[in-house]
Amino acid sequence: MQILEQLVQLNSPQQQAVKSDRQHLLVLAGAGSGKTRVLTHRIAWLVETGLASPNGILAVTFTNKAAREMRQRVEELLPFNPRGMWIGTFHGLAHRLLKAHWKALKLPEGFQVLDSDDQLRLVKRVMTDIGINDETLQPKTAQWYINEQKDEGRRAAHVMESSDPFDTTLRKIYLAYEQACERSGVVDFGELLLRAHELWLNHPPILEHYQQRFRYVLVDEFQDINTIQYAWLRVLCGQQSHLTVVGDDDQSIYGWRGAKVENIQQFSKDYPDTEIIRLEQNYRSTATILKAANAVIDNNSGRLGKELWTTGEEGDPIDVYAAFNEIDEARYLAEQIEQLLEQGENALDMAILYRSNAQSRVLEEALIQARIPYRIYGGLRFYERQEVKNVLAYMRLIANRFDDAAMERIINVPTRAIGGKTVETLRAIAREQGCALWQAAGLAVHNKLLPGRASNAVQAFIELIDELNQETAEMELHELTQHVIDASGLKEHHQKEKGEKARARLENMQELVSATRNFNTEQEDVVSPLDAFLAEVSLDAGERQADDSKDSVSLMTLHSAKGLEFPYVFIAGMEESLFPHKMSMDEPTGLEEERRLCYVGITRAMRKLTLSYAESRRMFGNETFNRPSRFIREIPAPLLKEIRLKSTLGSGFSSGGSGFKEEVASGYGIQLGQRVMHPFFGEGIVLAASGNGANASVTVEFESEGTKELMLQYAKLSALES
DNA sequence: CCCCCCTCCATTTTT
DNA sequence: TGGAGGGGGG
């Protein structure tokens, strides 16, 4: 068997995991320990030994990219092309289920998926509809709340009544939003999961069918799974199925968006027969880098426990550069990269990682100046671009006339004299009648509820969409797309604009046509290619990276670096308040997640890791002085090599504190970095200053009270000897 | 209806 | 500091 030859290349715990016949298997896979390898080999093993038919396998991942990779690698391992395996994301699989069982779920057959941008628009609209225009409650907050509830498996009706007026309002919005989605026949991301779960709970025969079918269920990145996803898995697997989960509690960095690391611990409680296998041998990094990673993560509590090791070499020490400010930091990194390039290294092997996107600007400037090609991960994705979304909105409206989000988006794009006033009238009608905007528009025209000009414009819009629908009925998907672009006026609209941006917009619309041309409509269970394409687009917004194909250095946040590896990794901005970020460092759970993020960052490096921090950094226009990140201090000193320019003042991270000697505001006797005493808050250290004269204020980090901003004029601060 | 100016705000991101 | 969104003016 082909798979047996492959298995020889795996180490012993990896083989054990691949071949385990225990019903419940938990693989704790450290960074770079061959996690995906184990998962794909296990699937191939199950299929080739006949333990499972491809039909009986369901594998779940978190991202589309991971799903594609998994499928491809499994196919490469097998001597034949397996058919019938379900490999996909939670949302993708849920969508597939809803498509198959729309009737049982009382969904319209051609229901559409709402992405977060559309969702926010709908939330905004719902809020105006039910008359909530409280400035203290932003639509974003309401959207966050709705998603949080759905992630926890709660519908509006299930949310507990609360005496808190804020909660009551949010609940009201959630309820109205649910109704709006229902009217429009749209489903958001959380709804996909919620409905898929309800499908199991409310339709035992359907559940039984899938339970019979999927005897082997495998889950990747288990530490990122949220409540509803775990619940869905548990019901599906019931008493009979084999469930393999692979994850790393130390790499859980998405707690803030609902992921529950606790599920890893919960798993072996829920299934007491669970076999736990640890993958600790690392094939990626030098021993030095692994020691640093182990030392940092060791500061977290409640870990399941793992220690990475390697048979490889010690490698270079970790460089720590103490920059004077963020510009100096960027300059140094560019210089180091330049040197590596001169030594013949490839730019593709290098990455600069940072905590927040705002840091990228200074880095970019330095790279441009040094003429180093780079690419930034994290911009807009293809299907998120305005011009592309506009075309898609026309297509969505053709597919489903009740899609309010789509209609709102394009009713006046390009401008056709349907202004805010008119749209508001249509909304009011829709609200009164409890119908979709489309029907409201029809009513308004028919019953002459609008002023003449507006009425004509609305009627023209209705006719436009109906015409587009008729004209494209027999067309191939890509012809339809092209026709929509030409006939909707979008093409003309963007042609009239001038500048580089407008040209890019036109190109992107053409790119969309190419995408539809290449779209595979030959898949199983495709009823309408248009519906299928729209669903695919909502569920996978495309690559995040810039299209530049030259060899270039990668710039990205630590979060986006998860799952990647580079021989040379630079982590910039290793400062308290930035990393760990000040928004997360007060709570132990927040701080521990930051630490895991640091662990993720360190373990991206294969050959050489460089950390840098700036003693002074301009943030939001203010000069701030942060101490070097505690994470640097958590790395054993012998692993580090401190680099510091002769001209730089200060005593370095090892002894804490730096030599700031700038008078903040004359007359107060307060300097940056100075220890001060406050009558209520006690002792603290001055971190930043802003304003002058009567407006002068300082940011002080107190030992017990955290960080506070104080007006010098009022705060009774006294300077202490340091 | 569009454009400009002012104000406000400021992790991390997938589906 | 800079980007986004809202409001007001042309």
Side-chain angles (χ1 to χ4, degrees), chain A residues 60-67 88-95 113-120 124 133 135 138-140 144 147 150-151 187-194 196 220-221 224-226 228-229 252-259 326-327 353-362 365 377-381 383-384 412-422 453 457 496-497 535-544 556-563 573 577-586 590-591 593-594 596-598 600-601 617-624 690:
Chain A
V60 201
T61 62
F62 235 79
T63 64
N64 291 292
K65 194 173 158 215
T89 63
F90 277 99
H91 294 86
L93 297 174
H95 181 256
V113 181
L114 220 55
D115 70 18
S116 31
D117 191 50
D118 300 326
Q119 186 191 31
L120 183 61
K124 271 185 195 160
N133 38 18
E135 289 128 16
Q138 291 178 330
K140 265 255 161 67
W144 182 267
N147 291 335
K150 291 195 175 190
D151 283 349
V187 160
D188 64 33
F189 292 130
E191 188 73 20
L192 286 168
L193 303 175
L194 215 46
D220 193 14
E221 304 276 17
D224 287 337
I225 260 82
N226 67 30
I228 186 78
Q229 288 161 336
S252 161
I253 55 174
Y254 288 113
W256 52 274
R257 65 174 198 213
E326 78 278 9
I327 296 168
L353 311 182
Y354 37 80
R355 176 66 238 262
S356 68
N357 287 309
Q359 287 170 255
S360 69
R361 239 191 75 228
V362 187
E365 281 165 11
Y377 289 68
L380 267 190
R381 289 132 120 239
Y383 291 114
E384 285 170 357
N412 200 32
V413 176
T415 48
R416 45 175 72 93
I418 303 178
K421 196 96 188 269
T422 308
R453 261 182 70 171
K496 272 191 286 189
E497 289 180 320
E536 158 124 345
V537 159
S538 319
L539 291 170
D540 184 0
E543 289 289 314
R544 235 175 204 292
M556 69 187 88
T557 63
L558 288 149
H559 281 91
S560 350
K562 197 173 107 173
S577 291
L578 187 58
F579 190 34
H581 198 278
K582 62 170 176 297
M583 307 284 278
S584 307
M585 54 196 271
D586 296 335
L591 180 64
E593 186 154 307
E594 295 283 310
R596 292 192 291 267
L597 190 57
C598 183
V600 167
R617 181 181 296 273
R618 239 182 142 66
M619 290 180 85
F620 316 137
N622 283 331
E623 189 121 44
T624 54
S690 61

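Within every chain, numbering begins at 1; the chains are lettered A, B, ... in the order of the sequence lines, protein sequences first and strands thereafter. Just so you know, these numbers use all the heavy atoms, side chains as well, and skip hydrogens, waters and symmetry mates. All of these numbers come straight from a predicted model, not from anything done at the bench.
Each of B:dC1, B:dT13, C:dT1 was ranked by its minimum atom distance to the side chain of A:Tyr254; first place goes to B:dT13. You'll find that the side chain of A:His91 is closest to B:dT15, out of B:dT15, B:dT13, B:dC2. Among the nucleotides B:dC2, B:dT12, B:dT14, the one closest to the side chain of A:Arg355 is B:dT12. Side-chain atoms of A:Phe620 lie closest to C:dT1 of the nucleotides B:dT12, B:dC1, C:dT1.
Where A:Asn357 and A:Leu539 each meet DNA chain B at their nearest nucleotide, the meeting point lying more 5' is that of A:Asn357. Across the interface with DNA chain B, nearest-nucleotide mapping of A:Gly190 and A:Ala417 shows A:Ala417 to be the residue nearer the 5′ end.
Taking the charged nitrogens against the carboxylate oxygens, A:Lys562 and A:Glu221 do have a contact shorter than 4.0 Å, which makes a salt bridge. The pair A:Lys65-A:Asp540 does not count as a salt bridge, with every side-chain nitrogen at least 4.0 angstrom from each carboxylate oxygen.
Within the 4.0 Å cut-off from OP1 or OP2 of B:dT13, at least one side-chain nitrogen or oxygen of A:Ser560 is found. The phosphate of C:dT1 has neither OP1 nor OP2 within less than 4.0 Å of any side-chain N or O from A:Asn622. Contact between the side-chain N/O atoms of A:Ser116 and the OP1/OP2 oxygens of B:dT14 is not found at any separation under 4.0 Å. Checking the phosphate oxygens (OP1, OP2) of B:dT15, no side-chain nitrogen or oxygen of A:Asn147 falls inside 4.0 Å. Taking side-chain N and O atoms only, A:Asn64 has a distance below 4.0 Å to OP1 or OP2 of B:dT15.
Side-chain contact, A:Gln229 with A:Asp151: no donor N or O sits under 3.5 Å from an acceptor N or O.
Across C:dG5 and B:dT12, the matching P atoms stand 16 Å from one another, rounded to whole Å.
A:Lys65 places its NZ atom 10 Å from the P atom of B:dT15, with the value rounded to the nearest Å. Atom P of nucleotide B:dT15 and atom CG of A:Asp117 are separated by 16 Å, given to the nearest angstrom. Between the P atom of B:dT14 and the CH2 atom of A:Trp144 lies a distance of 13 Å, rounded to the nearest Å. When rounded to the nearest whole Å, the span between CG of A:Asp188 and C1' of B:dT14 equals 13 Å. Separating the CG atom of A:Leu591 from the C1' atom of B:dT12 is a distance of 15 Å, rounded to the nearest angstrom. Spacing between atom CG of A:Asp151 and atom C1' of B:dT13 amounts to 13 Å, rounded to whole angstrom units.
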What pairs of nitrogen or oxygen atoms, one from the protein and one from nucleotides 2-5 of chain C, lie under 3.5 Å apart?
{"from": "C:dG2", "atom 1": "OP1", "to": "A:Arg361", "atom 2": "NH1", "distance (Å)": "3.4"}
{"from": "C:dG2", "atom 1": "OP1", "to": "A:Arg361", "atom 2": "NH2", "distance (Å)": "2.8"}

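Residues passing the side chain to side chain contact (heavy atoms under 4.5 Å, CB included) test with A:Thr422, sequence neighbours excluded: A:Ile418, A:Leu450, A:Ala454, A:Val458. With sequence neighbours excluded, no residue forms a ring pair (Phe, Tyr, Trp, His ring centres under 6.0 Å) with A:Phe62.
By the stacking rule of 5.5 Å between ring centres and under 30° between planes, A:Trp256 stacks on the base of B:dT12.
A side-chain donor-acceptor contact under 3.5 Å links A:Asp115 to the backbone of A:Asp117.
Contacts of A:Glu594 with the nucleic acid, taken as non-hydrogen atoms under 4.0 Å apart, include base atoms.
When side chains are defined from C-beta on, A:Tyr254 does not count as touching A:Glu593, because their heavy atoms never get closer than 4.5 Å. A heavy-atom distance below 4.5 Å is found between the side chains of A:Glu191 and A:Lys150.
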